[in-house]
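Note: hydrogens, waters and symmetry copies are ignored here, and every other heavy atom, side chains too, is used. Each chain gets a letter, A, B and so on, in the order its sequence line appears, and its residues count up from 1.
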Amino acid sequence: MTDTPQQLAAAYQPGDVEHRRYEHWVASGYFDADAKSDKPPFSVVIPPPNVTGSLHVGHALDHTIQDALVRRKRMQGFETLWLPGMDHAGIATQNVVERKLAAEGLSRHDLGREKFVERVWQWKAESGGAILGQMRRLGDSVDWSRERFTMDDGLSMAVQTIFKRLYDDGLIYRAERIINWCPRCLTALSDIEVEHTDDEGELVSIRYSDEIVVATTRAETMLGDTAVAVHPDDERYKHLIGTEVELPLTGRRIPIVGDSHVDPAFGTGCVKVTPAHDPNDFEIGQRHNLPSITMMDERAIITVHGPFQGLDRYEARPAVVAALRAQGLIVAEKRPYVHAVGHCSRCKTTVEPRLSLQWFVNTKPLAQAAGDAVRDGRVRIEPASLAPRYFSWVDNMHDWCISRQLWWGHRIPVWYGPNGEVVCVGPDNEPPSGEGWVQDEDVLDTWFSSALWPFSTLGWPDPTDDLAKFYPTSVLVTGYDILFFWVARMMMFGLYGMNGKQPFNVVALHGMVRDQYGKKMSKSFGNVVDPLDWIDRFGADATRFTLAKGANPGADVPVSEEWCQGSRNFCNKLWNATRFALMNGAHVEGDLPAELSTVDKWILSRLQHTIADVNEQFEAFEFAKVCDTLFHFAWDEVCDWYVELSKSALNPRVLGHVLDQLLRLLHPIIPFVTDELWCALTKSEGSVMVASWPVADEALIDDVAEASVELLQRVVTEVRRFRSDQGLKPGQKVAARIEGMTAHEDLVRSLARLEPAGDDFTATATVTIATGAPSEATAASAGTITVALDTRGSIDVAAEKARLTKDRAAAEKEIAQATAKLGNEGFLAKAPADVVGKLRDRLAVAQADVARIDEALTRLTA
RNA sequence: GGGCGCGUAGCUCAGCGGAAGAGCAUCCGCCUUACAAGCGGAGGGUCACAGGUUCGAACCCUGUCGCGCCCA
C-alpha cells in the first residue's frame, strides 16, 4: 500500500482504516486458499447463516472466534481455508417471498411452483445475503472465491447423491406417522424446529361414563378419540378393560384398553386416546390396533361432521367444553393450567401433531456412528464438559422427518409411477418419463443440505483437490445452543458420506451473547446489541475484542456498550504507543543489539512469557485469557512501565521489536488496527496477516532482569503511595536519599519525581521496601531499601501515622497467620519444604516490618 | 420428572488444594511534551449455607437453599 501514513493521527479512527485495509487484504489474495500448497492444511467451514438473515451479535462472536483461529494459523504457516456461504432457509425464505406476494395480493398458488421458485431466486439476487457484506465489516478473512450456497448446482447434486445412497441403503423411508405440523406454514417440522415453552392453558376433566373421567388440556380433540386407556394393573379400572364406553357428543362407542404406559398416579388414571392428534396416543393406537380419526385439516380447522365443523381449534375448544357442560359432563376445570406447548421455531404458531405421510431418515445407525466418533476420540468436543449434552442428543435421537410441504428447497428425488411404482432418482439417472409418472411434491428439510456442508462445499461427490487437502476440516466453531442442529447432523452425514471420515476434528463451542447483567438478549426486553452499530461507533476491532474478551470456553458471553468503549480505548492505547514509538525512531531493522539494559532485558523476557502463554491459551480455545494476557502485557507492562522507563534511555530497536511482536499477537483478535500500525512501524506495504506468528525464545527469558525490574516497580509504587497519602502534587519534586538499591536509582527518581538530596537535606519521612526473603538476601543489601524523603517540614503527620498503622496491621496479621501455621506440628511434618520455607521467610519479613514501623511511629510522635 | 451447569468485590467473570484476582463502576489527586479514549493513588470480599476429608479448603466429598439451561 502506498498510502501508509508516516505520521499517525492523534487518535485511532477506525472508519479511516477498516474499509481500506479489508479491500487491500482481498485484493492481495491473502484470504485465498491453495489446495495444491505444500503447507499443512487448516480449514474451517462457516456454519452457514440463513440467506434471509443479517449479522447479529451471536454471529459476530462466532465469526470473531473463527477468524482469530484462522488468522493465527495462517500466520503460523498453515494453508488456511475459511469457507463462507449461506443456507437457503426453506421455511424462512418462502415466508419472506410469500409476504411480498401477499402485498401484491397474490399467493404462491397464483404463480404456480415454477414461477414462485423463480421469484425466490430473484429475491435472493436482490435482497438475500445481506450478511455477506456485513461479514466484511467485521473483518472475516474468508475465501470469497469459494463462497457456496446450499441451493447451488453443486450442493444440490450432493443432496441428491446422498439421498439416493441413503435410500438404497434403506436409511430413508416413507411412512405415515405423527409429525410436528405448523398450521400456518403448512408444513411438517422436525423435532428441533419445535420450541417448547410453558404456556397457560386449561385442564378440563370430562366424564365419559359413571366410572371413567378423563382430564385433558385439549378438550376439542375428544372428537377424534378412539379409546380410553388405563393401566392394566390399576385396581380401579382393571375390570373395565375390554368393555366400551360411549364417547360424549358423538354417540360413538369406543373401547377401554389396558396400556402400561398410562401413569395411574396422574389425574384420574384414565386417559383419552386420540391417535391422529397426539404422538403418545398414536403409539397406544398402534399397540392396540385402534383406528385413527383425523378430525382437523392442515389449518387446524375441525372437519368432523356436526356442530363444530369449520371451527378453528381454539374456537372449538370452548365450544366443546360448553356442549359438555350443558350435559353436565364437566367434572372439573383448572385455569390457568401451565404446561409445555410446542411452537414453530419460524413463526411461533402452536405446533399441531398431525398424522401424515412423510419421508424420514432412520437415524439409528448414523447417530450411533456420530456418538462413537466422539467416544473414541476422533472428534474432540471443546470444552469436554459439554460432551454429555452431545451424547444425550445423539444417543436418544428419533427418526428425522425430512420432508417439507414447501416449494423452496431441494425437491425429493422420488418419482411415483402409474401402477404404484416408487423410483428414487440419483444424479446420474434420468427420471422416469411417460404417462402417469410424477415427482414427489415435497422438498427436503434445509438441514438435510446443511448437514453436508463440510464436504459438499469442497466439491463432493467429486474427488476434488479441495476435498483431499481440506477434509476433514480442522475445527467447527458454534454455540452450544445449536450443538444439535449443527454438530450432530453434520457428524451423521459426514461420517456416512465420507466413508467414516469425520467432518471436523474439533468442535469448539462458545456460549450465547448476553447483556452486562447476564440477561439473554431479546427484542421485547430491549437489550439487543447490533454489532454493526458498535462497528460504526467503536470500530470492528473494539467489537471483536469485547466479544473475544468475554469468551470463556462453553460459557455465555456478557457484553455491554461500556466494555466496548473500553476495547476502543485499548485500540487507541496501542495506536498512541506506536505513535510514540515512531516519533522516537523505533524500528525493526537488523538484529536485536547484543548489549541490552536491564529494562530491555526485562521487557524482552516478559514478552517471551506472554508469547508462550498466548500460544497455550489459543490452543485451548481460551479466548478470554488470550485477550486478558495481551491486554495486561500491552497496557500495564509495555505502556505503563516499559515506555515510561525507556523515556530516559530509549532503545529504538527493542521498542520496535516489542511492538512488532505485540501487534502480531493481537492481530488475530483485532486485525484492522494492528495491521495499520504494523505496516507503519515496519514500513511495510504488505500486511501483518502474512507475517510470521511469534514463537517464544527461551534464550531471552531473564529471571534476574525480571526480579530487578519488579523490585524497581515496588520501590516506585511505594514512593508514589507515600506521595499520594501525603497529598503531594504530582509535579512536585521531592528531595530523597535512596539507600540499599544496587541499580536503577535514576529510574526511581524519574518515575517517582524525586531529586537528589542537597546539602540541606533533612529526612522528614522514610519509605522502606523489603527486597524479598531474608534467607535469599545478601548480607550487604540486608533485604531492605530505604527511601528517605525531605518534604521540607510539610509532612502530614496524621496521614503518615495512618499509613504506617495500616502497614503495621497488615504485617501483624501476617505474623499471626504464619505463626499459627508454623506452630502446627502436622503442617511442619507434612507440608512440602518449599511451602514451609516460604512461610518462614514471610514471617521474618513481617516481623522486620513491624519493628521498622514501630521505630518510625516512635520517631513521628517524638 | 431426568440430566448438566452455576452461586467469589456494586456489575460481569477468572482462580479449582498451599499469602483472595482482573475489567468496569466508586473515591482522591492530576491537562507530567504518545494517549483525558489518558496518568498516579486508594477503598471494597466470614469466596451461598451447613457438615465432612486434609497439616492446610474458594478449590475435594455430602447435604441444604437459590439461579440458569437442555431433554421429557
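When both distances must be under 3.5 Å, the Watson-Crick or G-U wobble mate of rG18(B) is rC55(B). The partner of rC39(B) is rG29(B), by the rule that a Watson-Crick or G-U pair needs both atom distances under 3.5 Å. The partner of rG23(B), taking Watson-Crick or G-U wobble pairs whose two distances both stay under 3.5 Å, is rC11(B). With a cut-off of 3.5 Å on both Watson-Crick or G-U wobble distances, the partner of rG68(B) is given as rC4(B). rA50(B) and rU62(B) make up a base pair, with Watson-Crick or G-U wobble contacts both under 3.5 Å.
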* Structure fact -> The contact string for nucleotides 4-16 of chain B, one letter per nucleotide 5' to 3', using protein heavy atoms under 4.0 Å with B, S and - for base, sugar-phosphate only and none, comes out as -------SSSSS-

* Structure fact -> Letter by letter from the 5' end, nucleotides 32-37 of chain B scores (B base, S sugar-phosphate only, - none; protein heavy atoms under 4.0 Å) B-BB-B

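For the C1' atom pair drawn from rC13(B) and rC70(B), the interatomic distance equals 23 Å after rounding to whole Å. Look at the C1' atom in both rU54(B) and rC60(B): the space between them is 9 Å, to the nearest Å.
When each of Gly566(A) and Val194(A) is assigned the nucleotide of RNA chain B bearing its nearest heavy atom, the one mapping closer to the 5' terminus is Gly566(A).
The closest donor-acceptor contact from the side chain of Arg723(A) to the backbone of Lys729(A) lies under 3.5 Å. Distance alone, capped at 3.5 Å, is enough to place a donor-acceptor pair between the Trp575(A) side chain and the Ala9(A) backbone. Looking at Ser750(A), its side chain never comes within 3.5 Å of a backbone N or O of Asp746(A) through a donor-acceptor pair. Listed for the Asn576(A) side chain is no donor-acceptor partner under 3.5 Å among the backbone atoms of Arg579(A).
We find that CZ of Phe623(A) is positioned 25 Å from P of rA22(B), with the value rounded to whole Å. Here rU54(B) presents its P atom at 8 Å from NZ of Lys830(A), a figure rounded to the nearest Å. Whole-Å rounding puts the Glu800(A) CD to rA42(B) C1' distance at 16 Å. Look at CD on Gln726(A): it is 16 Å from P on rG41(B), rounded to the nearest Å. Here the C1' atom of nucleotide rG38(B) and the CH2 atom of Trp641(A) are 17 Å apart, to the nearest Å.
A side-chain donor from one of Thr629(A) and Gln617(A) sits under 3.5 Å from a side-chain acceptor of the other. Side-chain polar atoms of Trp641(A) and Asp636(A) form no donor-acceptor pair below 3.5 angstrom. In the model, Ser567(A) has a side-chain atom that pairs as donor or acceptor with a side-chain atom of Thr546(A) under 3.5 Å. Judged by distance alone, the side chains of Asp395(A) and Tyr390(A) never bring a donor and an acceptor atom under 3.5 Å apart.
Not one side-chain nitrogen or oxygen of Lys549(A) sits closer than 4.0 Å to the OP1 or OP2 atom of rA22(B).
Taking the six-membered ring where the residue is Trp, Phe631(A) and Trp635(A) present tilted rings, their angle falling between 30° and 60°. Between Phe623(A) and Phe618(A), the angle of the ring planes goes over 60°, which puts this pair in the perpendicular group of the 30/60° scheme.
Among the protein residues, Thr717(A) comes within range of the sugar-phosphate backbone only, with heavy atoms under 4.0 Å from sugar or phosphate atoms but none that close to a base. Within 4.0 Å of Glu825(A), counting heavy atoms only, lies no atom of the nucleic acid at all. Among the protein residues, Lys729(A) comes within range of the sugar-phosphate backbone only, with heavy atoms under 4.0 Å from sugar or phosphate atoms but none that close to a base.
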